[in-house]
Amino acid sequence: MLVFFLRFQEVVDLEERYNAQRIELKWQRYWAEKGIYKTDLDPSKKKFYCLEMFPYPSGEIHMGHVRNYAIGDVIARYKRMRGYNVLHPMGWDAFGLPAENAAIKHAVHPSEWTYKNIDYMKKQLNRIGLSYDWEREVTTCNPEYYKWNQWFFLKMLEKGLAYRKYSYVNWCPSCATVLANEQVIDEKCWRCDSIVIQKKLEQWFFKITHYAEELLQGCNELMGWPERVVLMQKNWIGKGEGVEVYFPIVGMDGQLKIFTTRPDTLFGVTFMCIAPGHPMSEKLIKDIDKLETIKAKYGREDEKIGLFTGYYAVNPLNGNKVPVYIANFVLMEYGTGAIMSVPAHDQRDFEFAKKYDLPVKVVIVPEHDSRGCPPTHPSPSRGEGKGGGEALDAQLTEAYEDEGILVDSGQFTGLRSDIARQHIIKFIEEKGLGKAVVNFKLRDWGISRQRYWGTPIPIIYCDRCGIVPVPEKDLPVILPEDVKITGKGGSPLLESEEFLKVQCPKCGDNARRETDTMDTFVDSSWYFIRYCFRKGDIDLNSELRTPDSEVDYWMPIDQYIGGVEHAVLHLLYSRFFTKVIRDLGLLNAGEPFQNLLTQGMVIKDGAKMSKSKGNVVDPNYLIEEYGADTSRLFSLFAAPPEKDLEWSDKGVEGVYRFLNRIWGIVYKNKFKIQNSKFKINKAFSLQSSALGLYRKTHQTIKRVTTDIERQYHFNTAIAGLMELMNEITSFDPKSNEDWAIFKFAIEKLLILLCPFSPHIAEELWEGIGNEPSILEQKWPDWDEEAAKEEKIELVIQINGKLRSKIMISPGVPDDEIKKMALNDQKIKEIVGAKVIKKVIVVRGKLVNIVIGE
RNA sequence: GCCGGAGUGGCGGAAUUGGUAGACGCAAGGGACUUAAAAUCCCUCGUUCCAAAAGAGCGUGCCGGUUCAAAUCCGGCCUCCGGCACCA
């Protein structure tokens with residue numbers, strides 16, 4: 001009796017009430033002790049690298065994180081149950097400005113602040129029950145990590161992919177640092193919203209433009225990415241194919257080099273414009289003050305201003321002399337910094353021409369005018385500048401920017417734009433008047449930041465030797481701890497004598513270190529490679545000589561999950577780094593992310609959750625109140641992952657109720673389930689209700705599996721679980737067979753629930769007498785035969801309108817179905833004496849009877 | 001302005017290739033249990049006509065088209081969201 005009692009106690013320790021706190025902590029401890037999420041290289045298994053964007057350790061996890069990581073965790077757990085060797089790591093994007101702000105505000109060192117946050121947030125992540133292999137944890141502010149940032153920098157320097165130049169840079173006065181183009185949003189700082197100004201500084205750059213073409217071509221391989229993200233990348237890279245044309249300047253040596261994508265409009269040039277920062281501008285303009293007024297409004301979109309230089313350029317195609325202007329809207333950074341202006345066919349030039357009363361000359365007319373007639377071709381005999389276009393010139397109220405037929409264009413007159421372009425480019429190249437070129441909007445990536453809390457750039461400045469890279473053996477260049485962070489004037493590193501003073505590695509003389517640190521996007525551009533190694537020191541140098549290393553086992557990432565806000569920034573930089581790393585010989589893959597899932601925002605009261613709007617939901621509160629399983633389940637159920645998720649307190653209660661119902665029914669029937677030893681085989685005669693549940697279980701396995709496989713539609717998968725639960729609730733088992741079916745349904749429900757809400761699944765799995773862990777269960781297969789309905793509902797339509805429904809067995813032949821439909825009592829009444837024109841039978845679905853009046 | 005995406009009940013959302021529109025959940029209404037409430041369980045729940053039921057009509061942003069059949073395909077609009085924006 002005693003023996004029985006002990007056994008009894010051991011197996012059945014389910015409490016009557018679902019206590020999320022208790023069981024979640026219990027299983028989290030169990031998983032940690034067992035090291036169940038540790039991953040090792042295993043060439044016998046198919047690998048799956050599942051990665052969520054790592055967080056900035058701001059202090060606490062918010063709902064956006066919960067959603068992001070819940071999505072990733074379901075995928076990782078699902079793939080693990082499907083037998084994949086899953087790599088699912090987590091880390092910290094730990095460098096960045098908030099740590100410095102905290103240092104100023106609270107007089108705490110950025111390092112201390114950051115590590116404290118990491119500590120706390122790690123506890124929070126574990127409390128959510130996420131299946132990370134923490135042995136691979138990456139913390140980017142750790143010298144063991146950023147040493148390799150510096151190593152990459154040196155390698156890129158060697159290959160000419162890192163360089164230093166003076167340039168106008170985006171400067172955020174509030175952050176007192178430089179920003180990359182991608183980090184400027186609506187002329188404001190991406191981080192603090194201050195208006196960004198232009199400042200001339202000497203900076204370090206990564207030559208991302210070297211890979212512009214490959215990054216663009218690679219876009220076509222990103223089959224597993226959302227189309228819009230690929231498109232955003234393509235637009236950002238912005239390839240423009242065109243031609244450079246040289247315009248001689250009258251009374252001066254040298255030529256004005258312009259870039260255009262519309263050489264078909266070359267005969268319509270009536271003036272030229274150059275950027276105020278163009279090297280030519282100071283030669284052409286003697287009045288420096290006037291030039292400065294243009295410079296002051298450089299790049300401003302509200303008005304176009306220009307200044308006539310007094311010089312004329314010669315159109316190499318027709319010999320026309322046209323005036324040369326300095327104009328604020330011409331960008332130095334794109335093309336050659338100089339343009340030919342064709343006001344008739346470019347809206348910007350048109351506006352400028354109207355303002356400064358410059359001539360407009362039409363050289364393209366629509367292929368068919370508004371009445372659909374072909375255009376009247378001007379006779380070439382009428383001569384240059386007096387062609388048929390002239391009458392149109394005065395009428396124009398805006399530029400005609402479309403393609404069409406060339407008029408007034410010398411030997412090219414009468415050709416279509418696209419044909420004319422080819423001919424003109426060929427002509428220009430043959431005569432040496434210019435050449436075909438490709439331009440990209442993508443600029444090189446400026447990585448210097450005048451901040452403290454970042455990776456020191458491993459460079460030394462020596463008066464004698466100039467710019468000297470820190471020798472590899474001296475890496476890492478450690479960020480000094482004893483600095484004062486005031487937030488005022490320049491980098492705090494300038495104040496650290498100890499850091500600043502160094503001996504030149506070449507000549508041994510006194511020299512000084514670079515005080516700028518790297519943009520933190522450098523850190524996140526390769527962290528996914530670092531995860532491929534187990535914890536501890538890594539040596540990428542030795543990896544260079546290891547073909548088919550761990551990196552090649554794991555890379556590329558099979559599924560990457562994060563917010564769309566990184567569509568260009570982080571994702572583009574990471575693609576660039578991956579190509580650099582590949583070319584260093586460290587990696588075979590050329591693209592880092594096979595599949596990308598961009599999850600939507602978490603919304604409350606119609607707006608993104610933010611402290612300033614006061615609409616944040618604290619995950620801590622949620623977990624205390626309902627537990628991690630409910631929190632996870634809600635964020636997966638309320639919307640498909642790629643869509644925004646509208647927060648709903650009531651919705652949370654809904655899924656909590658669902659888990660409670662599962663708990664309740666398992667608790668109530670635990671002995672019956674435990675004691676059910678009956679084996680299900682197809683032969684035994686089931687009551688129809690038991691058969692119904694058996695069928696529903698197989699249907700649910702199928703549904704949940706396909707919903708997960710099909711674009712991770714967790715919301716409908718969970719709806720499927722709820723349906724199965726509803727069916728279990730209404731099933732009333734009586735016989736041994738019934739209980740076997742009941743047990744079968746419950747066990748499958750728990751296994752299917754496990755990736756979504758793992759704690760409750762574990763507890764109930766154990767509670768019905770199974771060995772932990774449910775995580776080690778195989779994902780179930782469904783039996784297509786068992787999932788099939790024995791009767792299906794056949795819809796009968798008349799003229800496309802639903803008129804009747806009958807139950808039929810599947811597999812009834814079409815003409816039989818047709819007969820049954822026509823014999824249906826209701827159908828007979830409606831059809832009456834009317835003529836049946838046609839009957840369409842859709843197998844297993846419906847019959848549509850088309851009748852006349 | 002250009003390029004994307006989306007418009008479905010009171011709400012979040014479902015409908016895999018054109019084939020029963022509204023799965024699942026929330027809210028609401030009614031009922032059971034209870035001295036009562038909470039919790040739980042059961043029923044109803046797009047809309048109009050009808051006292052109600054039966055039944056019929058209408059209904060996936062708007063207008064038109066293709067088709068036996070359209071939330072789904074095509075054309076034209078409207079609205080909202082996102083990205084880019086003097087890139088020559």
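Chain letters run A, B, ... following the sequence lines, proteins first, then strands; residues in each count from 1.
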> Would you say A:Asn715 reaches B:A14's phosphate, i.e. side-chain N/O to OP1/OP2 under 4.0 Å?
Replying inline: yes

> When we call it a touch if two heavy atoms are under 4.0 Å apart, what does A:Ser648 touch: a base, just sugar-phosphate, or nothing?
Replying inline: nothing

> Given pairs defined as Watson-Crick or G-U wobble with both distances under 3.5 Å, what dot-bracket annotation applies to RNA chain B, with ( ) intrastrand, [ ] crossing, | other strand and . unpaired?
Replying inline: (((((((..(((......[....))).(((((.......))))).((((.....))))..(((((..]....))))))))))))....

>> For a quick check of understanding: with a heavy-atom distance under 4.0 Å over all strands, which category does A:Gln797 fall into, base, sugar-phosphate or nothing?
In response: base

> How would you label the contact of A:Gly335 with the nucleic acid (heavy atoms, under 4.0 Å): base, sugar-phosphate, or nothing?
Replying inline: nothing

> Quick check: are there more than 12 heavy atoms from other residues, nucleotides or ligands sitting under 6.0 Å from CD of A:Glu303?
Replying inline: yes

>> Classify A:Lys801 by what it touches in the nucleic acid, base, sugar-phosphate, or nothing, heavy-atom distance under 4.0 Å.
In response: sugar-phosphate

> When the nearest nucleotide of RNA chain B is assigned to A:Met722 and to A:Pro640 on a heavy-atom basis, which residue is associated with the more 5' position?
Replying inline: A:Pro640

> If you find the nucleotide of RNA chain B closest to A:Lys845 and the one closest to A:Lys838, which residue's nucleotide is nearer the 5' end?
Replying inline: A:Lys845

>> Does A:Glu793 reach a base, just sugar-phosphate, or nothing at all? Heavy atoms under 4.0 Å.
In response: base

> Do A:Phe352 and A:Tyr325 pass the ring pair (Phe, Tyr, Trp, His ring centres under 6.0 Å) test, and can you show the C-alpha distance, the side-chain angles, and the key distance before you say yes or no?
Replying inline: CA-CA 10 Å; A:Phe352 193 86; A:Tyr325 280 74; 5.6 Å; yes

> So what does A:Val655 touch, heavy atoms closer than 4.0 Å: a base, only the sugar-phosphate, or nothing?
Replying inline: nothing

> Do the ring centers of A:Trp647 and A:Phe634 come within less than 6.0 Å of each other?
Replying inline: yes

>> By the 4.0 Å heavy-atom rule, please label A:Lys650 as base, sugar-phosphate, or nothing.
In response: sugar-phosphate

>> Using a 3.5 Å distance criterion without hydrogens, assess whether the side chain of A:Asn315 forms a donor-acceptor pair with backbone atoms of A:Asn320.
In response: no

> With a 4.0 Å cut-off on heavy atoms, is A:Leu231 in touch with a base, just the backbone sugar-phosphate, or nothing at all?
Replying inline: sugar-phosphate

> So what does A:Arg803 touch, heavy atoms closer than 4.0 Å: a base, only the sugar-phosphate, or nothing?
Replying inline: sugar-phosphate

>> Would B:G9 be called syn or anti here, given the cut-off of 90° from 0?
In response: syn

> For A:Glu303, which contact category applies under a 4.0 Å heavy-atom criterion: base, sugar-phosphate, or nothing?
Replying inline: base

>> Taking any heavy-atom pair under 4.0 Å as a contact, classify A:Phe637: base, sugar-phosphate, or nothing.
In response: base

>> For a quick check of understanding: with a heavy-atom distance under 4.0 Å over all strands, which category does A:Val842 fall into, base, sugar-phosphate or nothing?
In response: base

>> Students often get this wrong, so: under 4.0 angstrom with heavy atoms, is A:Asp349 touching a base, only sugar-phosphate, or nothing?
In response: nothing

